[in-house]
Number of protein chains: 2
Amino acid sequence: MRISISDVAAKAGTSISTVSKVLSNAQGYRVSEATARRVRKAVRELNYRPSITARQLRFQRTDTIGIVVPLLTTPFYVDIIRGIQEVMWENGRTVILGISDEDSVLEQRHLTMALQRRVDGLIVAPARNNENANLYDELKDAGIPFVFVDRCLPDYEANYVGTDNREGAYRATRHLLAQGARSICYIGGRGGITALVERFSGYQKALEEKGIEVDPSLVGGGIPEEIDQAVRRFVAVRPRVEGAFMASYFYLQAALPALIEAGIRVPADLPMVGFDSVFFSLSDETDYETTRAITAPLPTVIQPRYEIGRKATEILLADLSQGGTEMFRQIRLTPQYERIDPDGQ
Amino acid sequence: MRISISDVAAKAGTSISTVSKVLSNAQGYRVSEATARRVRKAVRELNYRPSITARQLRFQRTDTIGIVVPLLTTPFYVDIIRGIQEVMWENGRTVILGISDEDSVLEQRHLTMALQRRVDGLIVAPARNNENANLYDELKDAGIPFVFVDRCLPDYEANYVGTDNREGAYRATRHLLAQGARSICYIGGRGGITALVERFSGYQKALEEKGIEVDPSLVGGGIPEEIDQAVRRFVAVRPRVEGAFMASYFYLQAALPALIEAGIRVPADLPMVGFDSVFFSLSDETDYETTRAITAPLPTVIQPRYEIGRKATEILLADLSQGGTEMFRQIRLTPQYERIDPDGQ
DNA sequence: TGATTTTGCGAAATCGTTTTTACAATTATA
DNA sequence: TATAATTGTAAAAACGATTTCGCAAAATCA
């Protein structure tokens with residue numbers, strides 16, 4: 001029962017092409033003011049809105065981009081999405097959203113779905129341990145532009161917008177060093193996605209600058225169980241670990257219970273720095289216990305989430321308008337620091 | 001450069017109608033096995049996928065629904081969306097998402113956008129202080145089914161799925177009464193959206209059952225500044241308030257700073273119950289301070305968020321398949337309780 | 001007044017599907 | 001062997017828009 005352009009034409013007593021011309025009100029068309037008025041009146045009275053679907057078919061573009069993120073339960077990706085939405089709005093476009101749940105297979109399903117919907121382009125934060133490189137190759141072949149945000153596949157050439165992870169991790173580690181810590185553990189893994197590789201590299205750089213060799217037995221990561229075990233090993237080490245670098249909220253959250261169990265409060269007993277916030281619900285028993293072991297707001301590297309979203313969208317739109325450039329852009333935005341002196345030491 | 005059905009037809013040496021028939025492989029059609037094989041081969045080799053856009057135009061339905069929620073910064077709506085997505089997946093449909101930021105105008109923009117995209121239906125958690133009733137009337141007139149989740153416009157007839165707010169608030173208030181509290185403040189407002197009206201009503205019911213009249217001077221709500229002022233009044237009251245009912249995380253979050261400033265720890269110094277969790281970032285100075293004033297996990301009413309999403313979608317899909325029923329369904333799901341004895345006293 | 005330009009509008013093609021209808025060619029029936 | 005029924009395929013219409021092109025009517029010019 002939806003009204004179409006022909007209903008408007010009928011009511012205005014004109015042809016559909018005339019209606020279209022009035023509505024697009026481009027310069028080249030010649031429509032008399034009297035007719036235009038009739039058309040506009042009919043449009044108003046019928047409350048007519050052109051079908052985007054028909055437009056899409058005609059123009060061969062959907063003015064829609066697909067977003068796939070691993071999760072929404074922290075504000076991190078929510079803010080990135082907000083940035084994306086904002087720019088898309090400004091350009092009269094829309095967004096469809098998929099949540100991969102850190103699962104490579106689900107990610108693929110979302111991407112295929114989006115492609116079937118003929119999205120113009122994609123913005124993706126790939127799941128950890130990603131195995132979709134061939135899928136992204138297909139996108140390149142098909143000429144569908146996409147931009148990775150926050151994370152990128154290792155050794156993979158593509159558009160990317162994220163934080164300057166190496167720099168952030170470097171500064172954060174220096175913060176620990178400045179407090180006199182020398183044996184500093186790294187919890188975060190070193191592969192799967194580039195962000196972690198880069199953070200490890202920043203950690204390493206800061207240590208080596210001080211002539212400290214990275215101790216492999218102080219590096220841990222993986223799934224929560226592995227992290228838990230790694231932390232148990234670290235706290236048993238003698239002499240005791242003097243600082244901890246947590247590569248993200250994910251690792252921090254997984255590591256805290258083991259620390260608490262060992263009676264270690266942070267940052268009082270163990271200086272600690274992290275990337276981005278970790279969130280606690282104070283209705284949750286476990287979370288409540290955990291917060292008790294935290295003695296002061298944690299120093300943290302703050303990622304420019306909103307800006308990452310905006311920048312990624314701008315790159316995508318640029319690619320779109322230029323019909324897919326062959327040049328890939330890799331952009332690392334400068335992080336901010338909370339309770340870390342970035343120029344410290 | 002995307003390949004269409006006619007490319008397949010050309011490659012298979014047949015007509016596009018034959019290709020379509022092979023692909024839809026419905027029973028009624030008669031296509032020889034030899035032709036079908038040729039077509040399938042061509043489809044495989046060209047990696048052809050039918051254009052959803054063209055299908056949409058043909059079928060006059062998009063297999064898409066629009067979701068509009070006020071915010072995504074708490075897990076509440078995220079979980080509802082997860083429930084919606086799940087059911088939509090199972091039915092091979094997609095979702096487009098808008099965030100209204102608690103702004104009636106933005107909500108309207110999102111809804112209009114969704115309509116222009118010709119979504120089949122809508123699931124909406126309306127913004128507080130909503131002024132879009134006429135817009136929703138238009139939806140009814142246009143025969144576009146929609147379901148409210150969590151919140152509903154006051155005195156407005158429409159599909160609705162949410163928590164049994166009155167019951168939840170009733171039980172929560174009884175919990176405070178069971179602890180001996182008699183003068184209990186209510187922070188949450190009483191209008192704008194039905195959830196709050198119902199929660200106030202449950203609070204009132206529990207009090208009146210004990211022969212306690214609601215004291216209007218102990219009721220506060222509104223924007224964060226008003227809440228802050230209300231709390232300051234409450235804590236100054238003598239004899240001192242003995243319990244606090246917080247209508248949602250929003251009010252809890254807004255109220256805590258004033259409580260802390262007054263040196264009141266919760267629930268130790270002031271028994272408190274709330275609806276759903278409040279989240280804190282322990283990298284945030286303010287949040288950190290706030291958590292120090294909380295002496296134990298807070299008792300809370302837990303809303304069945306995931307189920308709300310599922311149920312709402314089921315109702316919408318039912319409406320959709322029946323071509324829009326005239327009967328509106330109002331469903332209130334039973335909440336769960338954390339640290340509240342629901343049968344208490 | 002007759003020829004030419006301008007103006008206003010509509011018919012038709014197009015985008016990629018699905019589905020109905022029509023039409024051959026083949027097979028079965030009388 | 002005609003005729004009827006069946007089978008395989010293609011042509012065409014429809015969905016709702018945009019845009020090119022052509023054709024009248026009106027306006028301008030000679």
Side-chain angles (χ1 to χ4, degrees), chain A residues 1-43 46-64 92 115-120 142, chain B residues 1-40 42-43 46-64 92 115-120 142 144:
Chain A
M1 291 306 111
R2 267 159 182 148
I3 43 163
S4 77
I5 193 170
S6 56
D7 300 320
V8 178
K11 182 158 189 112
T14 167
S15 76
I16 59 169
S17 24
T18 303
V19 175
S20 179
K21 283 168 195 165
V22 172
L23 260 49
S24 75
N25 72 339
Q27 294 309 315
Y29 294 127
R30 298 170 302 199
V31 177
S32 72
E33 189 45 43
T35 316
R37 246 197 302 275
R38 280 209 324 281
V39 169
R40 280 193 287 266
K41 183 156 172 281
V43 166
L46 293 173
N47 195 21
Y48 164 73
R49 296 187 182 290
S51 150
I52 290 210
T53 308
R55 263 211 171 93
Q56 287 175 356
L57 187 58
R58 178 71 230 262
F59 290 133
Q60 292 296 88
R61 63 193 163 83
T62 53
D63 284 342
T64 300
L115 288 184
Q116 221 170 106
R117 303 233 142 212
R118 297 287 195 269
V119 293
D120 297 333
Chain B
M1 290 303 114
R2 266 160 181 150
I3 44 161
S4 78
I5 194 169
S6 57
D7 300 320
V8 178
K11 181 157 188 117
T14 169
S15 76
I16 58 169
S17 27
T18 303
V19 175
S20 180
K21 282 169 195 164
V22 172
L23 260 49
S24 75
N25 72 341
Q27 294 309 315
Y29 294 128
R30 299 169 301 197
V31 177
S32 73
E33 189 46 42
T35 316
R37 246 197 302 275
R38 281 209 322 283
V39 168
R40 278 193 289 265
V43 166
L46 293 173
N47 195 22
Y48 164 73
R49 295 188 181 291
S51 149
I52 290 209
T53 307
R55 263 211 170 91
Q56 287 175 356
L57 187 57
R58 178 67 232 257
F59 289 132
Q60 292 296 86
R61 65 193 162 84
T62 54
D63 284 342
T64 299
L115 289 183
Q116 218 170 108
R117 302 233 142 214
R118 297 288 196 266
V119 293
D120 298 333
I144 297 162

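Residue numbering restarts at 1 for every chain, and letters A, B, ... go by the order of the sequence lines.
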Quick one: which of C:dT17, C:dG8, D:dT9 gets closest to the side chain of B:Ser51?
C:dT17

Close side-chain approach of A:Arg118 to A:Gln56, heavy-atom, < 4.5 Å
no

Can you see if the side chain of A:Tyr48 gets near the phosphate of D:dA17 - specifically, an N or O under 4.0 Å from OP1 or OP2?
yes

Where the side chain of A:Asp120 meets the backbone of A:Arg61, is there a donor-acceptor pair that is under 3.5 Å apart?
no

Could you tell me if the side chain of A:Thr18 sits less than 4.5 Å from the side chain of A:Tyr29, heavy atoms only?
no

Ordered by number, residues from residues 13-20 of chain B within less than 4.0 Å of DNA chain D (heavy atoms) are B:Thr14, B:Ser15, B:Ser17, B:Thr18

Report which part of the nucleic acid A:Tyr29 touches: base, sugar-phosphate, or nothing (heavy-atom distance under 4.0 Å, all strands).
base

Could you work out which one of D:dT18, C:dC9, D:dC15 sits closest to the side chain of B:Leu57?
D:dC15

Gap between atoms CG and C1', on A:Asp7 and D:dA17 respectively (whole Å):
13 Å

Does B:Arg38 or A:Ser4 map to a spot on DNA chain D nearer the 5' end, using the closest nucleotide for each?
B:Arg38

Between C:dT17 (P) and B:Asp63 (CG): distance, integer Å
16 Å

Answer yes if the side chains of B:Ser32 and B:Thr35 hold a donor-acceptor pair under 3.5 Å, and no otherwise.
yes

Electrostatic pair A:Arg38-A:Glu33, nearest N-O below 4.0 angstrom
no

Whole angstrom is fine here: how far is it from CZ in A:Arg61 over to P in D:dT18?
12 Å

Mark yes or no for a side-chain to base donor-acceptor pair under 3.5 Å between B:Arg58 and C:dT17, with no hydrogen or angle criteria applied.
no

Do the side-chain N or O atoms of B:Gln60 get closer than 4.0 angstrom to the phosphate oxygens (OP1, OP2) of D:dA14?
no

Regarding B:Thr35, tell me which of base, sugar-phosphate or nothing describes its non-hydrogen contacts under 4.0 Å with the strands shown.
sugar-phosphate

I need the CD-C1' distance between B:Gln56 and D:dA14, as an integer number of Å.
16 Å

Could you tell me if the side chain of A:Arg117 sits less than 4.5 Å from the side chain of B:Thr64, heavy atoms only?
yes

Interatomic distance, A:Gln116 CD vs C:dT17 C1' [rounded to whole Å]
13 Å

Check whether any side-chain N or O of B:Ser6 sits under 4.0 Å from OP1 or OP2 of C:dG16, and answer yes or no.
no

Of A:Leu23 and A:Arg30, the one whose nearest nucleotide on DNA chain D sits closer to the 5' end is A:Leu23

Base, sugar-phosphate or nothing for B:Arg49? Non-hydrogen atoms, less than 4.0 Å.
sugar-phosphate

Within 45° cone of B:Phe59 ring axis and under 6.0 Å: B:Arg55 NZ or CZ:
no

Should the side chain of A:Lys21 and the base of C:dG10 be counted as holding a donor-acceptor pair, with the cut-off at 3.5 Å?
yes

For the backbone of B:Ser4 and the side chain of B:Asp7, can you confirm whether one donor and one acceptor N or O come within less than 3.5 Å of each other?
yes

Starting from C1' on C:dC15, measure out to CD1 on A:Ile5 and report it in whole angstrom.
15 Å

NA contact type, B:Arg55, heavy-atom cut-off 4.0 Å: base, sugar-phosphate, or nothing?
sugar-phosphate

B:Phe59 or A:Ala34: which one's nearest nucleotide on DNA chain C is closer to the 5' end?
A:Ala34

